[in-house]
Asker: 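The structure that follows is given in the form of structure tokens.
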Amino acid sequence: MKFSKVTVPTLKEKPADAEIASHELLIRAGMMRSVAAGIYTFLPLGSSALAKVENIVRDEMNRAGACEIVLPNLHPAEAWRESGRWFQYGPEMMRLKDRQGREFCLGPTAEELVTLAVSRSAPSYRDLPVNLYQIQTKYRDEVRPRFGLLRCREFRMKDAYSFHTSFEDLDDTYRRMYEAYVAVAKRCSLDVRVVEAPTGLIGGDISHEFMVLSSVGEDIVVHCLECDYGANSELERHRPGKKFGTENSLPLEEVHTPCLVSVSEVASFLDSSSENVIKCVLYVAGDELIAAFVPGYRELSEAKLARILGTDNFHQMREDERELFPQVTAGFVGPVGLSGVKMLFDEELKGAKGLICGANKFDYHYRGVEEGRDFKAEPLVDIALATEGDRCVECGGELAIARGIEIGHIFKLGEKYSKPLNALFTDADGILKPIIMGTYGIGTSRMLATIVEQHHDENGIKWPKAVAPVDIEVIVLNPDNDEQSNMGREIYQKMMNAGFDVLLDERELSPGVKFNDADLIGVPLQVIVGKKTSERKTVDLKVRYTGEKLEFEAMDVGEKIINVLENVP
RNA sequence: CGGGGUGUAGCGCAGCCAGGUUAGCGCGCGUGCUUUGGGAGCACGAGGUCGGCGGUUCGAAUCCGCCCACCCCGACCA
């Protein structure tokens, strides 16, 4: 590949709309261009890097016993109506009609189509299990596409679907896919953490997310620093690291707390701390009011609340709704003597003593409140978010809270799709039974961005060798010099013949431009042919990842390149 | 969908508040000469529906209205 013949429009300046490193660098390095919000064109180098990632995924899928297929992007509405998701998916699904008015969508995922494809062959237990996958463009009309390739409306994803005669058999494939995903991440130089995950719109019982910890990640991950426990914050479990409330019982008393509403204000006014205050958050769900109580030093998790309520159709009470619910005194709500409201108590409130809470009376709080004596914490639920200092439920180790980028997600679906789609197999006993399914997704374009997030410096991308768009860049500093030009071309040919992807930069530009472009593009190994070549018959090698520079005799540099390349990250 | 912001040459921006000739700057691009180990120099040159539509005005990039696109925060969500 010659630099002058391939479209690599590098930019000196940061694009105005790029907020994060991967977005900025993929554009500046000439690997992609934005077309519309959350829709990108991959230019030659970006396309090449994406293909490297996808081939690693492909290889690991094949090793795990999955078979590649190609499903259409255009899905007839019929399949989605049968599963019920045509109605559930909502505006996130890109819908369209053909000239006859028949409805279609652009596939956001493909459980329906693949399940129908398998079930139409009327499989018997002898035909199962099978595991089918594709690497395809997916469409989701995200509410807010952002961060370059991290959240797109059109993106690349590998999706696999497995079909089984039993849950035990599903467990086996699930484990193999889990291991394959870990292997993919490793080969792409991504440090991945596997966490328990919510199942969302895909559904099913058990699922795991593959998270790469990163400050630009959109998910919050809670994980143990000592064991393997990790979970998405939406369903994490934790053991409090400190005691809520006081050690001993205190007498209940009412105190005047004029205009003090927030937990910290009340705590400091009463010379106490947020570890003794009950926080109350009011929610409106339909025409019902919900008072949720959590320890004052914690945040309430709306995701957990949604799971408990069985709906996400609720919102925090707004000021203009206060008159609709005269039974509460906003800002001074406490569980003691409260009625006419649905109450929920975080588990940590059980048995707590010496607490401070609203007195359900304007400008008054109670102190010395004790659960069991002054109010009963029922129902007891897990609605609080983990906080720094919490301990692991598995091993008691320290929990860390971090942001993560979700690169993969695997689900045990069971019969969720096979039942409504009537996907059956004939068992050994001759009876038709629903197929047991699993589904496994990995975002390949998101992985590409994640790799750049994890591997870059102030000069540009530092591609790990396995996913670099090309392996070697040969830079001829002065192409007008015959000796340099010939040597550059010779090395270029030789390395291509040795099976490497090589980029030859013999553009008529000053050396600085070529050096900076090379660093920006981030090819693992630079071979520099310049003055030293014409004067001393040597060439320089520069390892992009480490910045290490080596000088070798030009004559036998081919072997040296191969040796050096073997040891670069 | 709520809040905030932006839209002027391929990219990054100034000009707008206080309307007034051929709308500027840097980078990039083209041609020529010089230069070639970390974003070269000189000379000449090309490139613009000032996001769109409508209005006010003798006159609109600039003021007003509507619309569109893009970005950020939130809500939401694989």
Side-chain angles (χ1 to χ4, degrees), chain A residues 7 9-20 23-24 27-28 30 33-39 85 88-93 108-109 111 138-148 150-153 155 157 159 197-204 207 209-211 217-219 232 234 302-303 306 312-316 318 404-411 439-443 445-446 459-460 475-481 483-485 505-520 526-536 538-540 542 547 549 551:
Chain A
T7 308
T10 57
L11 298 176
K12 208 180 275 193
E13 280 169 297
K14 174 179 168 174
D17 54 5
E19 290 288 315
I20 62 168
H23 188 193
E24 175 193 339
I27 297 224
R28 280 188 53 213
R33 283 292 180 265
S34 152
V35 174
I39 302 175
R85 285 206 294 181
Q88 281 172 27
Y89 230 101
E92 206 155 298
M93 183 184 261
T109 172
E111 283 79 11
K138 298 290 184 299
Y139 299 86
R140 291 180 195 175
D141 195 358
E142 292 284 346
V143 243
R144 184 140 98 84
R146 58 181 141 180
F147 298 148
L150 286 186
R151 182 166 295 273
C152 283
R153 293 193 293 172
F155 59 97
M157 178 168 123
D159 44 326
T199 53
L201 263 181
I202 304 288
S207 97
E209 286 170 330
F210 294 74
M211 294 286 196
E218 296 185 83
D219 294 272
N232 188 298
E234 293 182 24
E302 293 192 354
D312 51 12
N313 194 11
F314 59 84
H315 61 270
Q316 234 174 301
R318 298 186 305 261
I405 301 170
E406 180 191 344
I407 59 164
H409 199 160
I410 60 178
F411 303 77
T439 180
Y440 320 88
I442 190 161
S445 52
R446 179 180 280 183
N459 297 320
I475 306 171
V476 179
L477 292 183
N478 184 358
D480 289 336
N481 177 300
E483 229 163 332
Q484 291 183 30
S485 172
D505 188 355
E506 45 179 2
R507 293 175 298 169
E508 303 264 359
L509 291 169
S510 56
V513 175
K514 288 184 272 197
F515 283 133
N516 283 310
D517 271 354
D519 286 349
L520 179 59
Q526 299 170 13
V527 180
I528 299 152
V529 180
K531 204 158 55 189
K532 290 184 191 172
T533 312
S534 24
E535 289 173 2
R536 322 210 282 256
T538 67
V539 298
D540 281 344
K542 177 180 166 183
K549 281 185 183 166
E551 186 175 348

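Lettering of chains follows the sequences in order, A, B, ..., and the numbering in each one begins at 1.
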Asker: When every nucleotide of nucleotides 68-75 of chain B is labelled 5' to 3' by its protein contacts under 4.0 Å (heavy atoms), B for base, S for sugar-phosphate only, - for none, what sequence of letters results?
Answerer: --SSBBBB

Asker: Find out whether A:Phe210 and A:Ile442 are in side-chain contact, i.e. whether some heavy atom of one side chain is under 4.5 Å from a heavy atom of the other.
Answerer: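 No; the side chains remain at least 4.5 Å from each other.
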
Asker: State whether the side chain of A:Arg151 and the backbone N or O of A:Glu218 hold a donor-acceptor pair below 3.5 Å, judged by distance alone.
Answerer: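 Here the side-chain-to-backbone pair does not exist.
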
Asker: Taking the same atom, C1', in B:rG54 and in B:rC17, what whole-Å distance lies between them?
Answerer: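 Comparing C1' positions in B:rG54 and B:rC17 gives a spacing of 24 Å.
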
Asker: To the nearest Å, give me how far apart NZ (A:Lys138) and C1' (B:rC77) are.
Answerer: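 One finds 18 Å between C1' of B:rC77 and NZ of A:Lys138, rounded.
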
Asker: Counting only Watson-Crick or G-U wobble pairs whose two distances fall under 3.5 Å, which nucleotide matches B:rC66?
Answerer: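 In the structure as shown, B:rC66 has B:rG52 as its Watson-Crick or wobble partner.
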
Asker: Taking the P atom of each, how far is B:rG5 from B:rC77, in whole Å?
Answerer: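 Going atom to atom, P in each nucleotide, I get 28 Å.
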
Asker: For A:Glu535, what residues pass the side chain to side chain contact (heavy atoms under 4.5 Å, CB included) criterion, not counting sequence neighbours?
Answerer: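 Result, side chain to side chain contact (heavy atoms under 4.5 Å, CB included) vs A:Glu535: A:Lys531.
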
Asker: Nearest-Å distance, CD (A:Glu218) to P (B:rC77)?
Answerer: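 Whole-Å distance recorded here is 13 Å.
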
Asker: For A:Glu508 and B:rC33, give me the distance from atom CD to atom P, rounded to whole Å.
Answerer: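 Between P of B:rC33 and CD of A:Glu508: 12 Å.
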
Asker: Separation of A:Asp505 atom CG from B:rG37 atom P, in whole Å?
Answerer: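 Value for this atom pair: 15 Å.
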
Asker: Just the table, please: protein N/O against nucleotides 45-52 of chain B N/O, every pair under 3.5 Å.
Answerer:
none

Asker: In whole Å, measure the gap between the C1' atoms of B:rG7 and B:rC67 for me.
Answerer: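 Going atom to atom, C1' in each nucleotide, I get 14 Å.
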
Asker: Between A:Lys549 (side chain) and A:Asp540 (backbone), is there a donor-acceptor pair under 3.5 Å?
Answerer: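 Side chain of A:Lys549 to backbone of A:Asp540, a donor-acceptor pair under 3.5 Å: no, none is there.
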
Asker: At a cut-off of 3.5 Å, list every protein nitrogen or oxygen paired with a nitrogen or oxygen from nucleotides 39-44 of chain B, distance to 0.1 Å.
Answerer:
from	atom 1	to	atom 2	distance (Å)
B:rG39	O4'	A:Asn516	ND2	3.2
B:rG39	N2	A:Asp517	OD1	3.4
B:rA40	OP1	A:Ser510	OG	3.1
B:rA40	OP2	A:Ser510	OG	2.9

Asker: With a 3.5 Å distance limit and no angle check, can you tell me whether A:Glu506 reaches the backbone of A:Pro479 through a side-chain donor-acceptor pair?
Answerer: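 Judged by distance alone, no pair lies under 3.5 Å.
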
Asker: Under the rule for salt bridge (Lys or Arg N to Asp or Glu O under 4.0 Å), what residues qualify as partners of A:Glu406, not counting sequence neighbours?
Answerer: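 Listed in chain order: nothing, the list is empty.
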
Asker: Whole angstroms only, please: what is the CD-C1' distance between A:Glu234 and B:rC76?
Answerer: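 One finds 11 Å between C1' of B:rC76 and CD of A:Glu234, rounded.
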
Asker: Could one point to a donor on the side chain of A:Asn478 or the base of B:rG37 with an acceptor on the other under 3.5 Å away?
Answerer: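 Absent.
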
Asker: Kindly say whether A:Leu11 contributes a backbone atom to a donor-acceptor pair with the side chain of A:Arg28 at under 3.5 angstrom?
Answerer: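 Checking the backbone N and O of A:Leu11 against the side chain of A:Arg28, a donor-acceptor pair under 3.5 Å is found.
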
Asker: B:rA40 pairs with which nucleotide, Watson-Crick or G-U wobble, both distances below 3.5 Å?
Answerer: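 B:rA40 is paired, partner B:rU34.
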
Asker: Does any non-hydrogen side-chain atom of A:Leu477 lie less than 4.5 Å from one of A:Ile528?
Answerer: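 Answer yes - side chains close enough.
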
Asker: Flag the pair A:Pro198 / A:Glu209 as yes when at least one side-chain heavy-atom distance between them is below 4.5 Å, and no otherwise.
Answerer: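 Yes, their side chains come closer than 4.5 Å.
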
Asker: Between C1' on B:rG10 and CD on A:Glu13, what's the gap in Å once rounded to a whole number?
Answerer: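 Distance, rounded to whole Å: 12 Å.
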
Asker: Whole Å only: how far is the CZ atom of A:Phe515 from the C1' atom of B:rU36?
Answerer: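 It works out to 10 Å between those atoms.
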
Asker: Quickly work out the A:Lys14 NZ to B:rC27 C1' distance and round it to whole Å.
Answerer: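 Spelled out: NZ on A:Lys14 to C1' on B:rC27 is 18 Å.
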
Asker: Say you pick atom C1' in B:rG47 and the same atom in B:rG20; how far apart are they, in whole Å?
Answerer: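 To the nearest whole Å, 26 Å.
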
Asker: For B:rA9 versus B:rU49, give the span between their P atoms, rounded off to a whole number of Å.
Answerer: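 Per the computed distance, 8 Å lies between those P atoms.
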
Asker: If we call it a pair only when both distances are under 3.5 Å in a Watson-Crick or G-U wobble match, what pairs with B:rC76?
Answerer: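 The answer is none; no pair meets the criterion.
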
Asker: When you match A:His409 and A:Gly530 each to their closest nucleotide on RNA chain B, which lands nearer the 5' end?
Answerer: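 Between the two, 5'-proximity favours A:Gly530.
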
Asker: Sequence neighbours left out, what passes ring-ring contact (aromatic ring centres under 6.0 Å, His included) with A:Tyr440? Give chain and number order.
Answerer: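 By the ring-ring contact (aromatic ring centres under 6.0 Å, His included) rule, A:Tyr440 matches no residue at all.
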
Asker: Could you tell me how far B:rU62 sits from B:rU56 if I compare only their C1' atoms? Round to whole Å.
Answerer: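 The same atom, C1', in both gives a distance of 13 Å.
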
Asker: Do A:Leu150 and A:His23 have side chains that get closer than 4.5 Å, going by heavy atoms?
Answerer: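 Of all side-chain heavy-atom pairs linking A:His23 with A:Leu150, none is under 4.5 Å.
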
Asker: Need the pair for B:rG59. Rule: Watson-Crick or G-U wobble, both distances under 3.5 Å, any strand; none if unpaired.
Answerer: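 Its partner is none (no Watson-Crick or G-U wobble pair with both distances under 3.5 Å).
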
Asker: What is the base-pairing partner of B:rG28, counting Watson-Crick and G-U wobble geometry with both distances under 3.5 Å?
Answerer: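 Here B:rG28 is not engaged in any pair, so there is no nucleotide opposite it.
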
Asker: Quick one: CG on A:Asp480 to CD on A:Glu508, what's the gap to the nearest 0.5 Å?
Answerer: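 Answer for the CG-CD pair, A:Asp480 versus A:Glu508, is 4.5 Å.
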
Asker: Hey, does A:Lys549 reach any base, or is it just sugar-phosphate, or nothing, if we go heavy atoms under 4.0 Å?
Answerer: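 Base contact.
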
Asker: Sticking with atom C1', work out how far B:rC70 lies from B:rG51, rounded to a whole angstrom.
Answerer: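 That atom pair is separated by 10 Å.
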
Asker: Quantified in whole Å, what is the C1' atom distance between nucleotide B:rC16 and nucleotide B:rG74?
Answerer: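 That atom pair is separated by 31 Å.
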
Asker: Keeping A:Thr538 on the side-chain end and A:Thr533 on the backbone end, is there a donor-acceptor pair under 3.5 Å?
Answerer: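 Judged by distance alone, no pair lies under 3.5 Å.
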
